[in-house]
Amino acid sequence: MSKKNKKLWVAAWLVVCATSVAVAHAEELQDENWNAKFQTTYIWQTKPSFNAAYSGQNSLKPGHEKAYSFSATAAFGWRPWDGAELYLDPELLQGVPLSNLTGLAGLSNAEQQIERSQPGAVSCPPVPAPELEPGRRD
């Protein structure tokens, strides 16, 4: 296992430990004014080499290859006063498909369905306007 993979496994293990502590603590809380949740996914795949009668720009390369996809998501919520809630959901995506293929032949594990723009780019989905109802507290 390479140093990079070891670092990713250690980071994933730390996230799992931190999440399990947060879940145990969340069960004790009756009413929360804030929350923070995290998730990571690392999917690795490989293919052996094979003989190919022909190959082109959009073909799977005949040599041995490795590919991966990585995603990290966080969800932060805060209730500053009754009837108001603020949320932030940042997401980090990175992946390398086999043979740098795109479209249906690209990342075959369905982990990353959004368009690949910049490796390691952070995206934030649009923030909807909050619904404010005085006195309501779910």
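As the structure is a computational prediction, the values presented were derived from the model and not from experiment.
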About how many Å separate CZ of Arg79 and CD of Glu32, when rounded to the nearest 0.5 Å? 7.5 Å
Heavy-atom closest contact (Leu93 atom, Ser71 atom, distance): CD2-CB, 3.4 Å
With heavy-atom distances below 4.5 Å as the criterion, would you say the side chains of Asp89 and Thr73 are in contact? no
Kindly compute the distance separating OG (Ser69) from OH (Tyr42), expressed to the nearest 0.5 Å. 8.5 Å
Could you give all pairs that pass the salt bridge (charged side-chain N to carboxylate O under 4.0 Å, His left out) test and reach residues 48-57, with sequence neighbours left out? none
Which heavy atom of Ala52 sits nearest to which heavy atom of Pro62, and what is that distance? CB-CB, 4.1 Å
Could you give all pairs that pass the salt bridge (charged side-chain N to carboxylate O under 4.0 Å, His left out) test and reach residues 52-64, with sequence neighbours left out? none
Residues that Pro48 engages under side-chain contact (heavy atoms from CB on, under 4.5 Å), provided they are two or more places apart: none
Any side-chain heavy-atom pair of Phe76 and Pro90 under 4.5 Å: yes
Among all residues two or more places apart in sequence or in another chain, which pass the side chain to side chain donor-acceptor pair (under 3.5 Å) test with Ser49? none
Between CD on residue Gln45 and CG on residue Leu98, distance to nearest 0.5 Å: 5.0 Å
So do the side chains of Leu88 and Trp78 get within less than 4.5 Å of each other, counting heavy atoms only? no
With side-chain contact (heavy atoms from CB on, under 4.5 Å) as the criterion, how do Phe70 and Ile43 come out once you've worked through the C-alpha distance, each side chain's angles and the decisive distance to 0.1 Å? CA-CA 7 Å; Phe70 171 78; Ile43 299 173; over 6 Å; no
Who are the side chain to side chain donor-acceptor pair (under 3.5 Å) partners of Ser99, not counting sequence neighbours? Glu65
When every non-hydrogen atom of Tyr87 is compared with those of Gly77, the smallest separation belongs to CD2-CA, 3.6 Å
Student check: side-chain heavy atoms of Tyr68 and Gln94 closer than 4.5 Å: yes
Set of side-chain contact (heavy atoms from CB on, under 4.5 Å) partners for Tyr54, sequence neighbours left out: none
